[in-house]
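Scroll down for the structure; my scribbles are underneath it.
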Amino acid sequence: MQSLQRQIFGQRWRKVVQHGRSATAATDSVEDEMTSHPRFRFAPSPTGFFHVGGARTALMNWALARRLEGTFVLRIEDTDEARNQPEWIQGIIDALAWIGIDESDPHFEGPHFQSANAEAHVAAAHRLFESGAAYYCDLTGQEVQDRAKELGITGYDGYSRDRGLEAGPGRVLRFRVPEGRTIVQDLVRGDVDFDNGTIEDFVLLRGNGAPMFLLANVVDDLEMAISHVVRAEEHLPNTPKQQMLWDALGHAPPVWAHVPVLVNEQRKKLSKRRDKVALEQYRDDGILADAMVNYLMTLGWTPPGAEEAGSEIVTWGQIEADFALEDVNLSPAFFDVKKLTAFNKQYIKNMDPAEYLAAASAQLPPGWDRESFAAIAPHIQERLERLTDVPGAVDFLFWPQGDDSDPIDYDEASWTKATDPEWSGPLLSDVIDAYDALASWDHESLKAAIEEVMVRFEVKLGKAQTLPRVAVTGRTVGPPLFESFEVLGRDETLRRLRAALGRLGS
RNA sequence: GCCCCCAUCGUCUAGUGGCCUAGGACACCACCCUUUCAAGGUGGCGGCACGGGUUCGAAUCCCGUUGGGGGUGCCA
């Protein structure tokens with residue numbers, strides 16, 4: 001148990017002692033058997049696309065559950081009938097699977113559905129009422145507001161605390177917040193001290209008898225024997241309330257850990273409305289799951305050894321072995337698509353050739369020849385930022401071919417750039433002659449032939465290849481040229497070169 | 001308004017009182033290499049929010065200010 005604690009709490013332990021916080025802060029709150037088989041949970045609500053922020057907290061829980069031989073419990077919090085959509089549930093499961101959180105892994109448990117446990121939530125609420133920890137209130141939301149206005153306060157003032165109301169239609173059950181303070185012991189942030197006086201008597205059961213999030217969440221965590229609640233910082237203000245609920249229900253609270261939220265360039269919490277946050281969307285945009293996982297986990301956390309390695313690219317195995325909540329940075333982190341993309345490029349570059357070819361081929365439109373693509377694919381692997389860049393990088397190989405096809409779709413800026421020099425026309429003409437006479441149509445011969453021509457024109461290969469490149473591919477940038485010519489084939493390459501020469505003359 | 005959290009290059013971070021003239025990554029710039037673009041190599045730009053303490057010594061500890069964020073629902 002001692003060594004296990006060190007694995008979980010590690011540095012924080014020392015930190016706690018050094019900073020004069022209670023040395024027992026992080027350890028007292030969990031019962032021994034829980035710590036020896038820690039149970040983490042991820043509890044999303046199915047109200048929209050699966051969010052990158054959710055993916056990050058899920059990943060953290062997953063890493064910890066696996067390393068500590070614990071359990072990752074997936075619980076769908078579907079108690080908001082108005083906003084829940086069943087189709088999002090599968091979306092959550094698929095998204096988790098994509099980032100490697102797999103239902104078939106022995107550390108995975110669930111999905112459980114919060115709605116299925118409604119009876120237990122209500123029963124707990126009734127127990128709270130019986131014990132006097134909660135009371136009924138007949139004020140409507142509007143009336144609460146009106147009173148607050150009158151009294152010059154904000155929120156609910158505890159009006160029904162001692163009115164001895166019984167349950168009834170339209171009456172909500174409120175928690176009787178006790179006097180004193182609530183200290184939340186948080187693995188990421190240390191002790192957070194709340195004055196209970198600033199916490200109003202919150203609602204447990206709605207007027208229609210349905211349980212609220214705060215209650216349902218606690219009852220489920222309790223019943224599922226959750227030992228560690230790792231979630232985003234937006235829940236920190238809820239935590240003292242939940243902790244009071246744990247207390248009132250007669251149980252020691254779990255270990256809390258609140259990681260900072262992810263923000264956009266305006267430094268606001270990532271929002272589904274404003275920002276591109278759907279995991280699914282990044283997947284469809286050609287981001288690799290491994291790259292996403294690596295990026296998400298290194299947002300606010302640096303793997304040990306990253307500095308010496310000069311890279312933040314690490315395997316999931318390393319992440320799982322080293323991730324520690326106490327090492328997570330405390331500030332909100334900007335979700336930077338540029339850096340994600342840089343990671344992605346590295347991951348594509350490092351992909352196994354066969355795996356890469358399969359993934360890249362999957363991006364091709366139906367009509368494009370797979371064999372031609374396979375020939376050029378290795379040459380574009382380290383040039384791709386996203387898988388979705390594939391078609392645009394090789395499209396020229398699959399344009400209509402032959403004399404009756406459409407004219408080449410030149411990029412005008414490229415054309416202008418390539419045809420400026422006086423010598424480019426004559427050079428192109430010589431290249432065509434040389435290629436026409438070429439015995440073997442392979443990239444080495446193709447290169448050698450142009451090199452011979454370029455010597456006569458006293459230009460470097462870099463310049464000499466520009467017009468032929470634009471003539472055949474339509475642009476000044478692209479995959480290695482002679483390999484491209486080789487794949488395209490003699491007839492079509494020559495046809496395009498001649499077409500360009502014709503355009504030059506006209 | 002009130003409660004809570006946070007504060008190191010543009011961004012993500014390393015840093016737990018002397019190894020800091022503050023290190024790395026992404027981005028950006030330059031050069032090298034080069035078959036364009038990439039990749040790779042080398043170098044550069046760029047930061048401890050501010051003000052007070054404590055200390056022989058502070059990015060690191062304390063206080064305050066400022067700034068940012070989260071919460072403040074019969075949402076989750």
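Please read all numbers here as calculations on a predicted model, not as lab measurements. Below, all heavy atoms of this structure are taken into account, side chains as well, without hydrogens, waters or symmetry copies. Throughout, protein chains are lettered first and strands after them, A, B, ... in sequence-line order, and every chain is numbered starting at 1.
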[N] to [M] separation - [atom1] atoms, rounded to the nearest Å:
| N | M | atom1 | value |
| --- | --- | --- | --- |
| B:rC4 | B:rG64 | P | 13 Å |
| B:rG18 | B:rG10 | C1' | 31 Å |
| B:rC61 | B:rU16 | P | 10 Å |

Taking only the side-chain nitrogens and oxygens of [X], find out if one of them lies under 4.0 Å from OP1 or OP2 of [N].
| X | N | value |
| --- | --- | --- |
| A:Lys268 | B:rG68 | no |
| A:Lys338 | B:rC26 | no |
| A:Arg206 | B:rC75 | yes |
| A:Lys269 | B:rG71 | yes |
| A:Asn329 | B:rA14 | yes |
| A:Gln346 | B:rG40 | yes |
| A:Arg383 | B:rG40 | no |
| A:Lys345 | B:rA39 | yes |

With heavy atoms under 4.0 Å as the rule, sort [X] into base, sugar-phosphate or nothing.
| X | answer |
| --- | --- |
| A:Thr302 | sugar-phosphate |
| A:Lys460 | nothing |
| A:Arg267 | sugar-phosphate |
| A:Gly300 | sugar-phosphate |

With a 3.5 Å cut-off and heavy atoms only, can you find an N or O donor on one side and an acceptor on the other between the side chain of [X] and the base of [N]?
| X | N | result |
| --- | --- | --- |
| A:Glu312 | B:rG24 | yes |
| A:Lys339 | B:rA25 | yes |
| A:Asn217 | B:rA76 | no |

- Message: Looking at A:Arg41 and A:Asp220, is any side-chain nitrogen of the basic one under 4.0 Å from a carboxylate oxygen of the acidic one?
- Response: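 So A:Asp220 does not pair with A:Arg41 through a salt bridge.
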What integer distance in Å separates [X]:[atom1] from [N]:[atom2]?
| X | N | atom1 | atom2 | answer |
| --- | --- | --- | --- | --- |
| A:Leu340 | B:rU11 | CG | C1' | 13 Å |
| A:Trp256 | B:rG71 | CH2 | P | 17 Å |
| A:Trp301 | B:rG15 | CH2 | P | 12 Å |
| A:Ile313 | B:rA25 | CD1 | C1' | 9 Å |
| A:Ile199 | B:rG73 | CD1 | P | 13 Å |

- Message: How long is the straight-line distance from CZ of A:Phe482 back to CD of A:Glu451, given to the nearest 0.5 Å?
- Response: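 A:Glu451 atom CD to A:Phe482 atom CZ measures 7.0 Å (nearest 0.5 Å).
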- Task: For B:rC2, give its Watson-Crick or G-U wobble partner with both distances under 3.5 Å, or none.
- Result: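 In the structure as shown, B:rC2 has B:rG71 as its Watson-Crick or wobble partner.
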- Between B:rG24, B:rG69, B:rC6, which nucleotide has the shortest distance from any of its atoms to the side chain of A:Arg189?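 When the side chain of A:Arg189 is considered, B:rC6 is the closest of B:rG24, B:rG69, B:rC6.
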